[in-house]
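For ligands, and for the atoms within them, numbers begin at 1 and follow the listed sequence.
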Amino acid sequence: MKLILFGPPGAGKGTQAKILIEKLNIVQISTGDMLRDEVKSKTPLGKLASSIMDKGDLIPDEIIMSMIEKRITKSDCKNGFILDGFPRTLNQAVELDVILKSLNLKIDKVIEINVNEDLLINRIVKRASESKTTRDDDNSEILKNRIIVYNKDTLPVLDYYKSLNKLNTVDGTQDIDKVSKDILKVLNWL
Ligand code: ADP
């Protein structure tokens with residue numbers, strides 16, 4: 001099973017991905033987590049990434065695409081994967097299709113976790129106040145920019161999958177359990 005989990009910052013993509021990988025025995029591919037690992041390891045990519053992530057802007061597509069291409073060709077992806085936080089620009093979505101085609105693979109489902117903007121801001125502010133290891137980008141100023149960037153650069157990805165009739169939407173304002181159930185229903189797993 002190969003899935004894309006789509007949604008704005010704070011929609012709960014990471015939370016749902018962790019539940020789904022257990023149930024479906026597949027791996028989570030989070031470009032945000034991969035980038036944070038690079039930052040932690042202080043690699044050259046990490047140094048570049050942190051200056052961009054700290055502003056809530058997007059990492060250039062070429063960097064993201066080469067990370068993804070390397071990752072999805074690893075052997076642990078054989079049984080399937082969930083893309084979480086990727087694709088985030090129309091160009092990433094189109095290039096992903098090219099890579100998948102060359103590997104003779106295809107995405108089974110694209111799932112949008114739909115949450116309205118007010119709730120998102122509340123959730124992220126709460127995540128920032130509760131977390132001991134607060135993410136540098138979980139503060140209100142940067143958050144505002146992440147939402148602007150989402151609306152400008154990432155929403156076109158939604159229209160892309162909609163136009164290809166690949167989009168399935170679940171209501172992300174429900175309890176975590178209910179959201180997972182709705183996703184599993186979309187996957188015909190329940
Ligand atoms: P969230 O979904 O909460 O916004 P992520 O962990 O997915 O958080 O991403 C954090 C940051 O990492 C983004 O604001 C961006 O700077 C960078 N990033 C993650 N994935 C991508 C991507 N696919 N393309 C460009 N930048 C990305």
Enclosure of K181 NZ (heavy-atom neighbours >12, cutoff 6.0 Å):
no
Heavy atom of I52, distance to ligand 1 below 4.0 Å:
no
How far is atom 11 (C) of ligand 1 from the closest protein heavy atom, and which atom is that?
M53 CE, 3.8 Å
Following the transitive rule for hydrophobic clusters with a side-chain heavy-atom cut-off under 4.5 Å over Ile, Leu, Val, Met, Phe, Trp and Tyr, establish whether I82 and M1 coincide in one cluster.
yes
Would you kindly specify which portion of D57 sits under 4.0 Å from ligand 1, judged on non-hydrogen atoms: side chain, backbone, both or neither?
backbone
Checking the N or O distance criterion of under 3.5 Å, is ligand 1 in contact with S30?
no
N/O separation below 3.5 Å, G85 to ligand 1:
yes
Just by distance, do the side chain of T31 and the backbone of G85 share a donor-acceptor pair under 3.5 Å?
yes
I142 with V149, same ILVMFWY side-chain cluster at under 4.5 Å:
no
Atom 8 (O) of ligand 1: closest protein heavy atom, distance to 0.1 Å, is R135 NH2, 3.2 Å
Which protein heavy atom lies closest to atom 26 (N) of ligand 1, and at what distance to 0.1 Å?
I59 N, 3.1 Å
Say whether, by atom type as modelled, one donor and one acceptor occur between the side chain of N79 and the main chain of I26 under 3.5 angstrom.
no
Which heavy atom of the protein is the closest neighbour of atom 7 (O) of ligand 1, given with residue, atom name and distance?
R88 NH1, 3.1 Å
Are there more than 12 heavy atoms of other residues, nucleotides or ligands under 6.0 Å from atom CG of L155?
yes
Heavy-atom proximity to atom 2 (O) of ligand 1, best of K13, R146, R36
K13
Backbone or side chain, does any N or O of P9 fall under 3.5 Å from an N or O of ligand 1?
no
Among D84, L167, V110, D108, find the residue that satisfies the side-chain contact (heavy atoms from CB on, under 4.5 Å) test when tested with I4.
V110
Ranking T31, D84, L35 by closest non-hydrogen atom to atom 17 (C) of ligand 1, top hit is L35
If we only consider heavy atoms of K55, is any one of them less than 4.0 Å away from an atom in ligand 1?
no
Cluster link V27 to I183, ILVMFWY, side chain under 4.5 Å:
no
Considering only protein heavy atoms, which is closest to atom 24 (N) of ligand 1, and at what distance to one decimal place?
Q92 NE2, 2.9 Å
Partner residues of K23 under the salt bridge (charged side-chain N to carboxylate O under 4.0 Å, His left out) criterion, sequence neighbours left out:
none
Nitrogen or oxygen atoms of D33 and ligand 1 under 3.5 Å apart:
no
